[in-house]
Amino acid sequence: MSAIVFIGGGRITSALVAGLHRAEYPEEIVVHDRNPKKLRALERDFGVAVEPDLQAAIATADMLIIAVRPPAVAEMLDARLRTV
Ligand SMILES: NC(=O)c1ccc[n+]([C@@H]2O[C@H](COP(=O)([O-])OP(=O)(O)OC[C@H]3O[C@@H](n4cnc5c(N)ncnc54)[C@H](OP(=O)(O)O)[C@@H]3O)[C@@H](O)[C@H]2O)c1
């Protein structure tokens with residue numbers, strides 16, 4: 001499977017996903033976030049697929065969009081590199 005994957009399901013992801021939804025973007029969109037409530041809202045409002053597991057989300061990515069705040073990027077890379 002290939003998809004656009006958003007890492008972070010906050011404000012900018014919500015705005016971008018809303019635009020893609022409105023434009024009837026035809027490919028799969030996957031969102032990963034550590035907050036299940038945010039994932040459920042994005043799933044409900046925009047029909048995206050949600051993936052609570054970081055590794056699984058990355059594995060589906062044809063295009064990966066990092067949408068967390070700058071300090072969280074290093075944290076996420078650490079988590080990712082610990083598993084390779
Ligand atoms: N908002 C804008 O208009 C805008 C415009 C252009 C660019 N940007 C850039 O886009 C990036 C994201 O901004 P944003 O406004 O969307 O931030 P945000 O609303 O805080 O969203 C980031 C999301 O990522 C989650 N997150 C953080 N660390 C995580 C981790 N290790 N694992 C899983 N999820 C994690 C956050 O969860 P928590 O809430 O639990 O921390 C939050 O839900 C920033 O670099 C910002 O500069 C934003």
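The structure displayed is predicted, hence computed values, not measured ones. Whatever order the structure lists them in is the order used to number ligands and atoms, beginning at 1.
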If you take all heavy atoms of [X] and [Y], which pair is closest and at what distance?
X: L42; Y: S14; answer: CD2-OG, 3.6 Å
X: P52; Y: H32; answer: O-CE1, 3.1 Å
X: T13; Y: G8; answer: OG1-O, 2.6 Å

| query | Could an N or O of ligand 1 be found under 3.5 Å from any N or O of M76, whether backbone or side chain? | reply |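 The answer is no, given that M76 and ligand 1 share no N or O pair closer than 3.5 Å.
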| said: Check this for me - ligand 1, T13, N or O atoms closer than 3.5 angstrom, yes or no? | reply: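 N/O-N/O distance under 3.5 Å: no.
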| task | Only one of I7, L39, I65 passes side-chain contact (heavy atoms from CB on, under 4.5 Å) with V31; say which it is. | result |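 Testing each of I7, L39, I65 against V31, the sole residue satisfying side-chain contact (heavy atoms from CB on, under 4.5 Å) is L39.
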Give the atoms of ligand 1, by number and element, whose distance to some non-hydrogen atom of [X] is under 4.0 Å.
X: E75; value: 31 (N)
X: N35; value: 37 (O), 38 (P), 39 (O), 40 (O), 43 (O)
X: K38; value: 39 (O), 42 (C), 43 (O)

| request: Would you verify that at least one protein heavy atom lies under 4.0 Å from atom 27 (C) of ligand 1, or report that none does? | output: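 It does: a protein heavy atom is found less than 4.0 Å away from atom 27 (C) of ligand 1.
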Give me the nearest non-hydrogen protein atom to [atom] as residue plus atom name, then the distance to 0.1 Å.
atom: atom 34 (N) of ligand 1; result: R34 N, 3.2 Å
atom: atom 21 (O) of ligand 1; result: G10 CA, 3.2 Å
atom: atom 17 (O) of ligand 1; result: R69 NE, 3.6 Å
atom: atom 11 (C) of ligand 1; result: V68 O, 3.4 Å
atom: atom 36 (C) of ligand 1; result: D33 OD2, 3.9 Å
atom: atom 19 (O) of ligand 1; result: R11 N, 3.0 Å
atom: atom 47 (O) of ligand 1; result: P70 CD, 4.6 Å
atom: atom 22 (C) of ligand 1; result: A67 O, 3.5 Å

| query | About how many Å separate CG of L64 and CZ of F6, when rounded to the nearest 0.5 Å? | reply |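 Spacing of CZ (F6) from CG (L64) equals 10.0 Å.
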| request: Kindly indicate whether the side chain of Y25, heavy atoms from C-beta on, has any atom under 4.5 Å from the side chain of I4. | output: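 The answer is yes; the side chains approach within 4.5 Å.
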| Is M76 close to L54 at the side-chain level, that is, under 4.5 Å between some pair of heavy atoms? |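 In contact.
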| query | Checking N35 side chain against K38 main chain: does a donor-acceptor pair fall under 3.5 Å? | reply |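 Flag not set: sc N35 to bb K38 has no pair under 3.5 Å.
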| said: For A3, is there any backbone N or O sitting under 3.5 Å from a side-chain donor or acceptor partner on T60? | reply: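 It does not hold such a pair.
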| field | From V73, I12, L39, L16 - option closest to atom 14 (P) of ligand 1 by heavy atom | value |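 It is I12 whose heavy atom sits nearest to atom 14 (P) of ligand 1.
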